[in-house]
Amino acid sequence: MQSNSFMNADAVESLVDEMAGKLWSLMNERGIQAPLLVGIRTGGVWLAEMLHQELGLEEPLGTLDISFYRDDFTRIGMNPEVHPSDLPVPVDDRHIILIDDVLHTGRTIRAALNEIFDYGRPASVILACLVERKGRELPIQPDVVALHKVMKPGEHITLTGPEPLGLVIGTESNRESRNGESGAET
Amino acid sequence: MSRGPSLQLDDTGRLRHFLTIDGLNRELLTEILDTAEGFAGVSERTVKKVPICRGKIVANLFFENSTRTRTTFELAGKRLSADVLNLNITASSTSKGETLLDTLRNLEAMHVDMFVVRHAVSGAAHFIARHAAPGVGVINAGDGRHAHPTQAMLDMFTIRRHKGEFTGLRVAIVGDILHSRVARSQILALNTLGVSEVRVIAPRTLLPVEARSLGVHIYHDMDEGIRDVDVVIMLRLQKERMQGAMLPSEHEYYRLFGLTEARLAAADSEAIVMHPGPINRGVEMSSEVADGSRSVILQQVSYGIAVRMAVISIIIGTQNQQSQDNKG
């Protein structure tokens with residue numbers, strides 16, 4: 001596998017600023033106050049931490065590890081590096097902003113939504129992603145995206161970090177089309 | 001420690017049965033603890049279930065009585081969304097003359113994916129693992145005096161939750177080491193995870209001859225052995241396994257080895273007290289200690305569910321990978 005730097009930390013940070021701006025307008029438009037920001041491990045958590053600061057939210061941040069909800073457990077077995085999910089406040093009747101780094105097949109988001117609903121019944125869920133690429137295998141679309149990226153077959157894009165953040169593009173000859181949003185870990 | 005061919009591990013080192021701590025390395029034990037950490041929060045959610053073992057069947061084969069272990073295994077399986085069968089073997093097939101292997105074959109014909117086995121004979125879970133159909137996992141839930149690896153792992157989880165790192169810890173295991181499958185598994189796990197000192201405190205009559213070879217410091221005096229330890233693990237006095245006069249009396253045992261607040265004062269001021277249950281109050285420990293602020297005995301029970309979820313799901317994961325490998 002080869003990977004090349006596509007964006008450095010400054011460029012990624014300006015994308016995060018853009019996400020924050022779009023989220024701010026969307027929250028105003030929908031009249032959402034005090035949403036619960038939830039980052040999907042690992043890249044989504046880094047982004048959620050930054051957005052949490054930029055939006056000046058007081059509610060604590062949530063993190064999701066979707067290992068126990070993956071649809072490919074029956075094929076690849078247990079992820080040896082599971083982290084606990086943590087939604088620090090009740091999700092019932094709360095507006096949730098779900099953050100992921102790269103939206104590709106949509107399978108990670110399906111797993112994340114299932115997990116969130118096992119915590120309760122949120123008022124709404126907004127999906128915000130840093131990068132969106134073609135290749136959806138499920139009817140899942142983002143509400144906020146900072147960058148739409150056209151990728152060649154066999155290419156994948158990954159957020160690296162947390163210090164410094166960067167986007168890298170890698171190629172892998174026979175990469176399987178599994179839970180492939182954030183290349184390295186899912 | 002080799003990762004070569006063994007009954008428990010497949011040829012790439014993945015866990016396919018969980019029979020004993022012996023032969024498992026630190027990395028694998030840590031993986032079990034980390035996975036259990038991921039499951040620990042599930043009990044506090046609205047829906048106390050995750051879907052990963054949906055469609056799998058776990059059969060609890062208990063040839064010996066157990067309440068805590070059987071119920072926590074049952075809950076663990078159910079929280080993973082597996083279907084759980086509880087078979088009280090003593091009351092069913094074997095009393096009608098069916099052999100153990102016939103019982104196994106019948107359950108396999110029902111497409112059971114995993115057996116959780118408790119048996120009074122040492123080696124029973126190994127026997128079942130050797131004879132189970134390929135792709136069927138076996139977890140040892142206690143065999144004779146030999147091993148009780150999930151109990152040991154939930155104890156390790158409890159220690160890590162309360163003490164953080166294993167390095168630097170002094171751990172004392174007190175009581176009936178001779179009859180205790182729990183003690184054997186604990187000693188192996190503690191040494192593999194790298195605590196600085198494991199002590200066993202026991203009367204000579206309740207200490208197996210091979211104890212010294214297990215890498216422990218032996219004490220026959222409770223007050224001396226408990227000094228400055230960070231963790232005190234009390235074992236149950238296994239009255240039902242005692243034949244002959246191994247002890248003068250329970251009262252005498254309590255006087256010499258019972259854990260009281262006064263004795264506990266010699267341990268580290270932050271020391272925790274553990275017990276695998278069920279407690280004989282006034283024999284192994286006083287009620288003040290059992291119900292006191294340093295006791296983590298009830299936490300052990302809760303953690304047991306998360307640890308058993310981890311072991312079940314890791315083995316089911318290995319089965320999934322194997323069936324995928326076979327397809328490829």
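Chain identifiers are assigned alphabetically (A, B, ...) following the order of the sequence lines, protein sequences preceding nucleic acid strands; residue numbering begins at 1 within each chain.
More than 12 heavy atoms of other residues, nucleotides or ligands shown are found within 6.0 angstrom of CD on Q141(A).
Annotation for I316(B) and F73(A): closest pair CG2-CE2, 4.0 Å, computed over non-hydrogen atoms.
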Between these two chains, chain A and chain B, I want each donor-acceptor atom pair under 3.5 angstrom written on its own line with its distance.
unit_1  : atom_1 : unit_2  : atom_2 : d
Y69(A)  : OH     : R45(B)  : NH1    : 3.3
Y69(A)  : OH     : R45(B)  : NH2    : 2.7
Y69(A)  : OH     : K49(B)  : O      : 3.4
F73(A)  : O      : N320(B) : ND2    : 3.0
I76(A)  : O      : Q321(B) : NE2    : 2.9
D118(A) : O      : V47(B)  : N      : 2.9
Y119(A) : O      : T46(B)  : OG1    : 2.7

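In this structure, CD1 in I32(B) is found 11.0 Å from CE in M78(A), a value given to the nearest 0.5 Å.
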